[in-house]
Number of protein chains: 2
Amino acid sequence: MARKYIDNPNACSLVHTMNIIGNKWKPIILYLLSNGSMRFGMLNALIPTISKKVLTNQLKELENDGLLLRQSFAEIPPRVEYSLTEKAIGLLPVLRQLSDWANDAYPEMEFEQCRIIENIKKPAYNNVYKK
Amino acid sequence: MARKYIDNPNACSLVHTMNIIGNKWKPIILYLLSNGSMRFGMLNALIPTISKKVLTNQLKELENDGLLLRQSFAEIPPRVEYSLTEKAIGLLPVLRQLSDWANDAYPEMEFEQCRIIENIKKPAYNNVYKK
DNA sequence: AATAGTGGTAACCAAAAAGTAACTAATGGC
DNA sequence: GCCATTAGTTACTTTTTGGTTACCACTATT
């Protein structure tokens, strides 16, 4: 009975937070979207090891929890843009601190500014979006 | 091939943090230990929905990642005390912010100060530690 | 006429996580 | 002698997660 969400009968806010973003992909997705809205395919390209199915699922959950806005355009081929809501924007500084913490606590790991984050800053959508 | 940890080829510190504490139990465990060291059975009692097997496993991982100190006393019956390392103590303010964020972002949930956290403050080990 | 392009979905399968129950060691208490 | 106690461990089973592949709609391009 592997349960995804912790029971939260006492309405603990930390438990709630971890239920919402406490998995491996979601903070990454939020971080990627911190520079602006992005299409599904772009997210998929920037997180090479995620499968479409899982990405779809994560995006849906984030949308349901009010962290993402999904805008679907009636074009062919389809275009869907994801962007952060105010809730999610409020979370970004905390994500930054989580990142800073690892830098301090594990200096031997010699972290770089996350490539995944850098990528998004270049307009090189076509360079990145392959296959 | 469900993999627990995200690949982190580019040594991104946020990815690393989420690999270390980005699951449902670990922040809870760390928070519980923020008031001082605690025995295995106490942790097990304060997190009623976790199984012994999983708790053991989570504690081991936290120890391996340098967040917990495990002290085993050569007594019968056995006694093992878990406490936070400096690394983990540095993480506590961030956990607090994660908690605060949920309070702000989801006011409709009417969170209380987490019961799980309150419990630990009473010396009522024997009241809590049942079955 | 075939293909590429996008954002998915459905079906199927493998792997991992997590639950349960039983078991352990060594001692103190009844 | 028997039971309770603690911090696990082991074996077994179920549930969940995640990967893969194929497929769709519709248009523009080759």
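Proteins come first, then strands; the chains are lettered A, B, ... in the order of their sequence lines, and each starts at number 1. On a predicted model such as this, the values are computed, not experimentally measured, just so you know.
Atom CG of L55(A) and atom C1' of dG19(D) are 14 Å apart (whole Å). In this structure, the CD1 atom of I47(B) is 12 Å from the P atom of dG19(C), given to the nearest Å. Summarising the geometry, the separation between CG on N23(B) and C1' on dT17(D) is reported as 14 Å, rounded to the nearest angstrom. Q58(A) has its CD atom 10 Å from the P atom of dG19(D), to the nearest Å. Per the geometry, CE belonging to M42(A) stands 12 Å off P belonging to dG7(C), to the nearest Å. Look at CG on N44(A): it is 11 Å from P on dG19(D), rounded to the nearest Å. Rounding to whole angstrom units, CG of residue L59(A) and C1' of dG7(C) are separated by 11 Å.
A donor-acceptor contact shorter than 3.5 Å is absent between the side chain of S13(A) and the backbone of F111(B). Panel note: side chain Y82(A), backbone I29(A); no donor-acceptor pair is recorded below 3.5 Å. Between the side chain of T56(A) and the main chain of K52(A), a donor-acceptor pair closer than 3.5 Å is present. Side-chain N or O atoms of K87(A) include none that pairs as donor or acceptor with a backbone N or O of L67(A) at under 3.5 Å. A distance-only check finds a donor-acceptor pair linking the side chain of T17(A) to the backbone of L98(B) [under 3.5 Å].
A salt bridge links K26(A) to E61(A): at least one charged side-chain nitrogen sits closer than 4.0 Å to a carboxylate oxygen.
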List every contact pair, protein side and nucleotides 9-12 of chain D side both N or O, where the distance is under 3.5 Å.
| from | atom 1 | to | atom 2 | distance (Å) |
| --- | --- | --- | --- | --- |
| dT9(D) | OP2 | K60(B) | NZ | 3.2 |

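When hydrophobic clusters are built by joining Ile, Leu, Val, Met, Phe, Trp and Tyr residues whose side-chain heavy atoms come closer than 4.5 Å, directly or via intermediates, L69(B) is not grouped with Y31(B).
DNA chain D is contacted by R70(B), P77(B), P78(B), R79(B), V80(B) of residues 66-81 of chain B, taking any non-hydrogen atom closer than 4.0 Å.
Here the side chain of Y82(A) is nearest to one of dG8(C), dG18(D), dT6(D), namely dG8(C). Here the nucleotide nearest the side chain of F40(A), chosen from dT20(D), dA18(C), dG8(C), is dG8(C).
No more than 12 heavy atoms of other residues, nucleotides or ligands shown are found within 6.0 angstrom of CD on E86(B). Counting non-hydrogen atoms of other residues, nucleotides and ligands closer than 6.0 Å to CD of E63(A) gives a total above 12.
Taking 4.0 angstrom as the limit, R39(A) places none of its side-chain polar atoms (N or O) nearer than this to OP1 or OP2 of dT6(C).
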